[in-house]
Amino acid sequence: MADQDSDPETLDLFTEPADYCPPPPKATAQTHTLLSGRTLTIHLVGHNPLWGHHLWNAGRLISTYLESHPTLIISKTVLELGAGAGLPSLVSTEIGARFVVVTDYPDPDLVKNLWANVEEYYGGKEKGEERRIVAEGYCWGNDAVPLLAHLPSSESKTPGFEVLILADLLFNHSEHRKLVATIEATLQKTEEAKALVFFTPYRPWLYEKDMAFFDLARQRGFVVEKVLEEKMEKVMFESDPGDEELRRTVFGFVVRWKL
């Protein structure tokens, strides 16, 4: 007699095999050591179509750049766009920013993870310390009033953030115009205000399309200055095609109003 478990007539056709739907990737964490010696634990979401599950090279390097140039941040208001895990925003808080708004696409998991990293950061601080950072969901190009509403009240008659941070966002070529529009809407219109735009051409054959972002910025009345070009020890994605030198190079630019 055939084994009952192998009899086709006794099989439950509606029961999925145990490995039919693999579980979603688990959240991970990485560390980043500051120049001061403090180590930050950065939580990352599981696999995310918006790439929030990576701690990007430009995010690491712009954080180190800010530490090396603290006057860019100290007592300034800061807005980070497309922050992922929000490392540069946490570093800005550590340096002494007046107030930081860290944003990414309003995906619940991404925003929840940003808040988790804020909580982790303050977990290593003295209890009762005033919190100078908030996390928000934001779509580039949308109404920026909710972001500007976080700015501390001041005597300044010029609304806007004094520093914007954009780390590894330029591969989104279709979003360049929205990014520039957001800079226009949120960057304080003063000679001192600046947007820091750092990126790696992860697809070297599209490097010119990455750089087209700065042409759009110039067309909208901004001045663009290159401030950094630095090679990382290794590429982020070893199996990717294209020029390896470019894929491990981080370029840094400052975008200012032309006044």
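Predicted, not measured: the structure shown is a model, and the values here were computed from it.
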**OP:** Taking all heavy atoms of P106 and all of V111, pick out the closest pair and write down the distance.
**Re:** CA-CG2, 4.2 Å
Subject >> Nearest heavy atoms of L246 and D243, plus distance in Å >> reply: N-OD1, 3.0 Å
**OP:** For the residue pair T77 and E162, confirm or rule out a side-chain donor-acceptor distance under 3.5 Å.
**Re:** yes
Original post:
To the nearest 0.5 Å, how far apart are CZ in F161 and CG in L187?
Top reply: 10.5 Å
**OP:** Say whether V227 and L72 are linked into one hydrophobic cluster, either directly or through other cluster members, by side-chain heavy-atom distances under 4.5 angstrom.
**Re:** yes
**OP:** Report, as yes or no, whether the 6.0 Å neighbourhood of atom CZ on R218 holds more than 12 heavy atoms from other residues, nucleotides or ligands.
**Re:** yes
Subject >> Expected output: side-chain R98 to main-chain L151 donor-acceptor under 3.5 Å >> reply: no
Subject >> Between CD on residue E120 and OG1 on residue T41, distance to nearest 0.5 Å >> reply: 5.0 Å
**OP:** Look at K112 together with E119 and state whether they make a salt bridge at an N to O cut-off of under 4.0 Å.
**Re:** no
Original post:
What closest approach, in Å, do R131 and Y122 show between heavy atoms, and which atom pair accounts for it?
Top reply: CA-OH, 3.3 Å
Original post:
When rounded to the nearest 0.5 angstrom, what distance separates CZ in F213 from NE2 in H176?
Top reply: 7.0 Å
**OP:** Determine whether I62 and V235 fall in the same hydrophobic cluster, where Ile, Leu, Val, Met, Phe, Trp and Tyr are linked whenever their side-chain heavy atoms lie under 4.5 Å apart.
**Re:** no
Subject >> Reported OG1-to-CZ distance for the pair T31 and R38, which is rounded to 0.5 angstrom >> reply: 13.0 Å
**OP:** Flag this pair as yes if the NZ/CZ of K178 is under 6.0 angstrom from the six-membered ring centre of W140 and inside a 45 degree cone about the axis; otherwise no.
**Re:** no
Subject >> Heavy atoms of other groups near E238 CD, more than 12 under 6.0 Å >> reply: no
Subject >> Any donor-acceptor N or O pair under 3.5 Å, side chains Q30, H43 >> reply: no
Subject >> E94 and Y121 side chains, donor-acceptor separation under 3.5 Å >> reply: yes
Subject >> Euclidean distance, I165 CD1 relative to F198 CZ, rounded to 0.5 Å >> reply: 9.5 Å
Atom pairs and distances, side-chain donor-acceptor, residues 202-210, under 3.5 Å, sequence neighbours left out:
unit_1	atom_1	unit_2	atom_2	d
Y202	OH	D168	OD2	2.6
R203	NH2	F171	O	2.8
D210	OD1	H173	NE2	2.6

**OP:** Evaluate side chain to side chain contact (heavy atoms under 4.5 Å, CB included) for L34 paired with L40, printing each intermediate quantity in order.
**Re:** CA-CA 8 Å; L34 305 174; L40 300 180; 4.0 Å; yes
Original post:
Does R220 CZ have over 12 foreign heavy atoms under 6.0 Å away?
Top reply: no
Original post:
Roughly how far, to the nearest 0.5 Å, is the CG atom of L87 from the CZ atom of R60?
Top reply: 7.0 Å
Original post:
Does a sphere of radius 6.0 Å around NZ in K231 hold more than 12 heavy atoms from other residues, nucleotides or ligands, not counting ones at 6.0 Å or beyond?
Top reply: yes
Original post:
Is the side chain of T182 donor-acceptor paired with the backbone N or O of G141 at a distance under 3.5 Å, no angle test?
Top reply: yes
Original post:
Do other residues, nucleotides or ligands put more than 12 heavy atoms under 6.0 Å from the NZ atom of K258?
Top reply: no
**OP:** Taking all non-hydrogen atoms of both residues into account, name the closest pair between G82 and L169 and its distance.
**Re:** O-CD2, 3.5 Å
**OP:** Flag the pair E230 / T249 as yes when at least one side-chain heavy-atom distance between them is below 4.5 Å, and no otherwise.
**Re:** no
**OP:** Heavy atoms only: give me the nearest A83-D104 pair and the separation to one decimal.
**Re:** N-OD2, 3.5 Å
Original post:
Is there side-chain contact between C139 and Y105, with at least one heavy-atom pair below 4.5 Å?
Top reply: yes
Original post:
Do L90 and I42 come close enough that some side-chain heavy atom pair is under 4.5 Å?
Top reply: yes
Original post:
Which heavy atom of A185 sits nearest a heavy atom of A144, and at what distance?
Top reply: CB-CB, 4.0 Å
**OP:** With the side chain counted from C-beta on, respond yes when F99 and I133 share a heavy-atom pair under 4.5 Å apart, and no when they do not.
**Re:** no
**OP:** Please confirm whether the backbone N or O of T158 pairs with a side-chain atom of Q188, one donor and one acceptor, at under 3.5 Å?
**Re:** yes
Subject >> In one Ile/Leu/Val/Met/Phe/Trp/Tyr side-chain cluster, 4.5 Å: L179, V223 >> reply: no
Subject >> Distance-only side-chain donor-acceptor flag, E80 / S89, under 3.5 Å >> reply: yes
**OP:** Decide yes or no for L79 and L81: does some side-chain heavy atom of the first lie under 4.5 Å from some side-chain heavy atom of the second?
**Re:** yes
**OP:** Name all pairs fulfilling the ring pair (Phe, Tyr, Trp, His ring centres under 6.0 Å) condition that reach into residues 71-90, sequence neighbours left out, sorted by first residue then second.
**Re:** none
**OP:** Kindly say whether the aromatic ring centers of F253 and F214 come within a distance under 6.0 Å.
**Re:** yes
Original post:
Is the closest side-chain heavy-atom distance between I95 and E67 below 4.5 Å?
Top reply: yes
Original post:
Should R248 and T200 count as side-chain neighbours, where that means a heavy-atom distance under 4.5 Å?
Top reply: no
**OP:** Please examine the side chains of L196 and V254, heavy atoms only from C-beta on, and report whether any two atoms are closer than 4.5 Å.
**Re:** yes
Subject >> Joint cluster assignment, I74 & V102, ILVMFWY side-chain distance < 4.5 Å >> reply: yes
Original post:
Is there a path of hydrophobic side-chain contacts, each under 4.5 Å between heavy atoms of I, L, V, M, F, W or Y residues, that connects L259 with V180?
Top reply: yes
Subject >> Check against salt bridge (Lys or Arg N to Asp or Glu O under 4.0 Å), R256 and E225 >> reply: CA-CA 8 Å; R256 297 185 178 88; E225 176 189 4; 3.0 Å; yes
